[in-house]
Trainee: 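Structure incoming, see below.
A, B, ... follow the sequence lines: proteins, then strands. Residue 1 opens every chain.
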Protein chains: 2
Amino acid sequence: MDIMNNVENVKTQMRRGVLEYCILSILSKKDSYASSILSELKDARMIVVEGTIYPLLIRQKNQGLLTYRWEESPQGPPRKYYQITDKGRRALEEMDSAWQEIVETIRLLRDK
Amino acid sequence: MDIMNNVENVKTQMRRGVLEYCILSILSKKDSYASSILSELKDARMIVVEGTIYPLLIRQKNQGLLTYRWEESPQGPPRKYYQITDKGRRALEEMDSAWQEIVETIRLLRDK
DNA sequence: TTTATTACCTTGTATCACAAAGTATACAAA
DNA sequence: TTTGTATACTTTGTGATACAAGGTAATAAA
């Protein structure tokens, strides 16, 4: 197997780990809908596809981290706008800590 | 579902994403065997269990990132010492870049 | 010979990301 | 009116893989 194949695979795994964190982060700044979140993540080189993000948003909604409402679109079908809840904001804070901890752990592992 | 449940789950996912990276990093410093790598990861709060690490080492060996040799143990059964290959070192360098990129991506997402 | 310690390995289950295909709306062009 | 295009949400099937749990085996001490 090619080396870039390994690395791409690991990159994918790394991204997976922070995907929920990224989505909460985006929604903590302003309400948004799946397609828009998708574009934002792609711009930030966090490659994700529809089949990943829709079920994930539904899971987060079911966990009480998000709510949603339907809104008319300027053109095309209505959009499902997601909004972060108080519980979602508390979870986001916890994820901030978790992320910092992992970044520090890796830093120590790589330096030592 | 409790909020700490969400966060624990996300922490687990984050750890998963960097597990292969951590193992290559540990082996880049000195040859080691599964049980020892496991302890080292646990000390660094990268919680992993046997059923995770054994198949992972086998996968990395099959990908040509590692080789192994058997060595007598001072007590108990022989140990399977893994050694990183040149290909493994190149993969590790690529993973360093990938990790830095993700850390930077998250920093931007969280700050903006 | 039984127990403890160390070590490696496998199996069954659940989760989840992704690819792919499907459904639906709105609008413009033919 | 029909067709094409863009936007948007949803579902299904597949494969990868982490984990829990249990199994195998070597050594030494009780």
Side-chain angles (χ1 to χ4, degrees), chain A residues 1 5-23 27 31-42 46-63 65-82 102, chain B residues 1 5-23 27 31-42 46-63 65-82 102:
Chain A
M1 192 195 290
N5 232 315
N6 301 133
V7 175
E8 265 317 305
N9 191 35
V10 168
K11 273 188 186 177
T12 302
Q13 282 178 270
M14 287 178 178
R15 277 192 297 261
R16 281 181 197 178
V18 292
L19 197 49
E20 292 199 41
Y21 180 38
C22 288
I23 288 177
L27 290 175
D31 299 355
S32 190
Y33 57 101
S35 299
S36 173
I37 295 170
L38 206 55
S39 303
E40 198 164 337
L41 288 173
K42 275 181 179 154
M46 289 288 298
I47 300 146
V48 203
V49 294
E50 291 190 314
T52 299
I53 207 172
Y54 281 100
L56 204 161
L57 285 168
I58 290 169
R59 284 201 298 277
Q60 290 189 323
K61 188 262 293 170
N62 289 340
Q63 289 170 350
L65 307 182
L66 307 177
T67 56
Y68 71 83
R69 61 176 184 280
W70 289 98
E71 276 195 21
E72 292 294 308
S73 165
Q75 58 182 38
R79 295 169 176 170
K80 200 170 180 178
Y81 272 83
Y82 284 93
I102 287 190
Chain B
M1 192 195 291
N5 231 316
N6 301 133
V7 175
E8 264 319 304
N9 192 34
V10 168
K11 272 188 188 178
T12 302
Q13 282 177 270
M14 287 178 178
R15 277 192 297 261
R16 281 180 196 178
V18 292
L19 197 49
E20 292 199 41
Y21 179 39
C22 288
I23 288 176
L27 290 175
D31 299 356
S32 190
Y33 57 100
S35 299
S36 172
I37 294 170
L38 205 56
S39 304
E40 198 165 337
L41 287 173
K42 277 181 178 155
M46 290 287 298
I47 301 147
V48 203
V49 294
E50 290 192 315
T52 299
I53 210 172
Y54 281 101
L56 204 162
L57 284 167
I58 290 168
R59 283 202 298 278
Q60 290 189 323
K61 188 263 293 170
N62 289 341
Q63 289 170 350
L65 308 182
L66 307 177
T67 55
Y68 70 85
R69 64 176 182 280
W70 289 98
E71 277 196 19
E72 293 294 308
S73 165
Q75 57 181 36
R79 296 169 177 171
K80 200 171 180 177
Y81 272 82
Y82 283 93
I102 287 190

Trainee: How bent is the helix from C:dT1-D:dA30 to C:dA30-D:dT1, measuring the angle between the end axes built from five pairs each, rounded to 10°?
Mentor: 20°
Trainee: Testing the basics here: between A:Ile102 and B:Lys11, what is the closest heavy-atom pair and its distance to 0.1 Å?
Mentor: CD1-O, 4.1 Å
Trainee: Do B:Ile37 and B:Val48 have side chains that get closer than 4.5 Å, going by heavy atoms?
Mentor: no
Trainee: Measuring from the side chain of B:Glu72 (C-beta onward, heavy atoms only), which nucleotide among D:dT27, D:dC19, D:dC9 has the closest atom?
Mentor: D:dT27
Trainee: Would you kindly give the CD-to-C1' distance between A:Glu71 and C:dT25, to the nearest whole Å?
Mentor: 16 Å
Trainee: Taking all heavy atoms of B:Met14 and all of A:Gly17, pick out the closest pair and write down the distance.
Mentor: CG-O, 3.2 Å
Trainee: Looking at C:dC27, C:dC8, C:dA17, which one has an atom nearest to any side-chain atom of A:Arg59?
Mentor: C:dA17
Trainee: Give the nucleotide from the list D:dT11, C:dA19, D:dA26 with an atom nearest to the side chain of A:Pro55.
Mentor: D:dT11
Trainee: Can you name the ring pair (Phe, Tyr, Trp, His ring centres under 6.0 Å) partners of B:Tyr33, sequence neighbours left out?
Mentor: B:Tyr81
Trainee: Given atom CE of B:Met46 and atom C1' of D:dA18, what is their separation to the nearest angstrom?
Mentor: 13 Å
Trainee: Rounded to the nearest Å, what distance is computed from the CD1 atom of residue A:Ile58 to the P atom of nucleotide D:dT12?
Mentor: 11 Å
Trainee: Given D:dC19, C:dA7, C:dT6, identify the nucleotide with an atom nearest to the side chain of B:Arg16.
Mentor: D:dC19
Trainee: Taking only side-chain N and O atoms of A:Tyr54, does any of them lie within less than 4.0 angstrom of OP1 or OP2 on D:dC9?
Mentor: yes
Trainee: Consider the side chain of B:Tyr33, meaning its heavy atoms from C-beta on, and name the nucleotide among C:dA19, C:dC8, D:dA8 that approaches it most closely.
Mentor: C:dC8
Trainee: Atom NZ of B:Lys42 and atom P of D:dA18: how far apart are they, to the nearest Å?
Mentor: 15 Å
Trainee: Hey, does the side chain of A:Thr52 come within less than 4.0 Å of C:dC18's phosphate (OP1/OP2), counting only N and O?
Mentor: yes
Trainee: Can you figure out which of D:dA18, C:dC8, C:dT25 approaches the side chain of B:Leu56 most closely?
Mentor: D:dA18
Trainee: By nearest atom, which of the nucleotides D:dC19, C:dC8, D:dC9 is closest to the B:Ala34 side chain?
Mentor: C:dC8
Trainee: Let's see if you can work this out: which of C:dT25, D:dT10, C:dT6 has an atom nearest to the side-chain heavy atoms of B:Gln75?
Mentor: C:dT6
Trainee: Nearest to the side chain of B:Ser35 - D:dA8, D:dC19, C:dC8?
Mentor: C:dC8
Trainee: Measure the distance from CG on A:Asn62 to P on C:dT15 and round it to the nearest whole Å.
Mentor: 13 Å
Trainee: To the nearest Å, how far apart are A:Leu57 CG and C:dA17 C1'?
Mentor: 14 Å
Trainee: To the nearest Å, how far apart are A:Arg79 CZ and D:dT7 C1'?
Mentor: 8 Å
Trainee: State whether A:Asn9 places a side-chain N or O below 4.0 Å from either non-bridging phosphate oxygen (OP1 or OP2) of D:dT17.
Mentor: yes
Trainee: Identify, between A:Pro77 and A:Gly51, the residue whose nearest nucleotide on DNA chain C lies closer to the 5' end.
Mentor: A:Gly51
Trainee: Taking all non-hydrogen atoms of both residues into account, name the closest pair between B:Thr52 and B:Pro55 and its distance.
Mentor: O-CD, 3.5 Å
Trainee: Any carboxylate oxygen within less than 4.0 angstrom of a Lys/Arg side-chain nitrogen, looking at B:Arg69 and B:Glu71?
Mentor: yes
Trainee: Could you tell me the separation between the NZ atom of A:Lys80 and the C1' atom of D:dT11, rounded to a whole number of Å?
Mentor: 13 Å
Trainee: Nearest heavy-atom pair of A:Cys22 and A:Leu41: which atoms, and what distance?
Mentor: CB-CD2, 3.8 Å
Trainee: Kindly indicate whether the side chain of B:Gln13 and the base of C:dC16 share any N or O donor-acceptor pair separated by less than 3.5 Å?
Mentor: no
Trainee: Just compare C:dT25, C:dC18, C:dC9 and give me whichever is closest to any side-chain atom of B:Trp70.
Mentor: C:dC9
Trainee: Can you see which heavy atom on B:Ile53 is nearest to which on B:Ala34, and at what distance?
Mentor: CD1-O, 4.3 Å
